[in-house]
Enquirer: 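Pasting in a structure now, in C-alpha cells, and then I'll have a few things to ask.
Side chains included, hydrogens not; waters and symmetry mates left out as well; all remaining heavy atoms used. Computed from a predicted model, the values in this text were never measured in an experiment.
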Amino acid sequence: MANPKYKVSDRAIPVSEVVDTLSDGTKVKRRIPRMRACSEKDAKGKLCAGHLKRWYFFGDEVKQKYGGDAEIYRCEHCKTLYLPSLEEEARTGTLSW
C-alpha cells in the first residue's frame, strides 16, 4: 500500500543528457544541478551511483573538444565524464591549488 503521507509529485525528474561519446567509448554527459553521483546504468539496469570527482588530467581528445582548462567531472566507478550544468555557476579555480 502506498504511503498516503506523501503526495505524488507532478514535476518532471531531470535526466543527464548524453552530449558526446569519445573514441574509446567513454560517454560524456551534462550534469543536472546539484548532482554529486553518477546516473549511468549498466546492461542490467543497475544504477552506478559513483561519486563525481573533479578531473584535471584528461587526455588530448577531451582537450581538443572541450579545451585545456575545461571543468570536467568523472565518475570514480564507471569513468563516465560529466560537463558542468548550464544552470550553475562554474567552479573553475574555486578549490584548486
Enquirer: Going by heavy atoms in the side chains, are T26 and T80 under 4.5 Å from each other?
Expert: no

Enquirer: Is there a side chain to side chain contact (heavy atoms under 4.5 Å, CB included) between E61 and S23 once you walk through the steps?
Expert: CA-CA 8 Å; E61 185 177 5; S23 61; 2.8 Å; yes

Enquirer: Would you find a donor on one side and an acceptor on the other, under 3.5 Å apart, between the side chain of E88 and the backbone of R34?
Expert: yes

Enquirer: So which atom in P33 and which in E87 form the shortest heavy-atom distance, rounded to 0.1 Å?
Expert: CG-OE1, 3.1 Å

Enquirer: Considering only heavy atoms from C-beta outward, does the side chain of K63 approach that of F58 to under 4.5 Å?
Expert: yes

Enquirer: With a 4.5 Å limit on heavy-atom distance, are the side chains of R31 and L83 in contact?
Expert: no

Enquirer: Can you name the residues that form a side-chain hydrogen bond (donor to acceptor under 3.5 Å, both in side chains) with K65, not counting sequence neighbours?
Expert: D20

Enquirer: For the residue pair R54 and E71, establish whether any side-chain heavy-atom pair is separated by less than 4.5 Å.
Expert: yes

Enquirer: Could you go step by step and tell me if S39 and V15 meet the side chain to side chain contact (heavy atoms under 4.5 Å, CB included) rule?
Expert: CA-CA 8 Å; S39 63; V15 177; over 6 Å; no

Enquirer: Just grab all the salt bridge (Lys or Arg N to Asp or Glu O under 4.0 Å) pairs involving residues 40-51, residues at least two apart or on different chains.
Expert: K27-E40, K29-E40

Enquirer: If only atom types and distance count, is the side chain of R30 paired as donor or acceptor with the main-chain N or O of P84 below 3.5 Å?
Expert: yes

Enquirer: Under the criterion side chain to side chain contact (heavy atoms under 4.5 Å, CB included), I'd like the reasoning laid out for V18 against V28: C-alpha separation, chi angles, the key distance, then a yes or no.
Expert: CA-CA 6 Å; V18 177; V28 180; over 6 Å; no

Enquirer: What distance separates K79 NZ from C48 SG, expressed to the nearest 0.5 Å?
Expert: 9.5 Å

Enquirer: Are L52 and W55 linked, directly or through intermediate hydrophobic residues, by side-chain heavy-atom contacts shorter than 4.5 Å (ILVMFWY only)?
Expert: no

Enquirer: For Q64 and Y66, does a side-chain donor sit closer than 3.5 Å to a side-chain acceptor?
Expert: no

Enquirer: Contact between C75 and H51 at the side-chain level, heavy atoms closer than 4.5 Å - yes or no?
Expert: no

Enquirer: If hydrophobic clusters are built by linking Ile, Leu, Val, Met, Phe, Trp and Tyr wherever their side-chain heavy atoms come under 4.5 Å apart, do Y73 and Y56 end up in the same one?
Expert: no

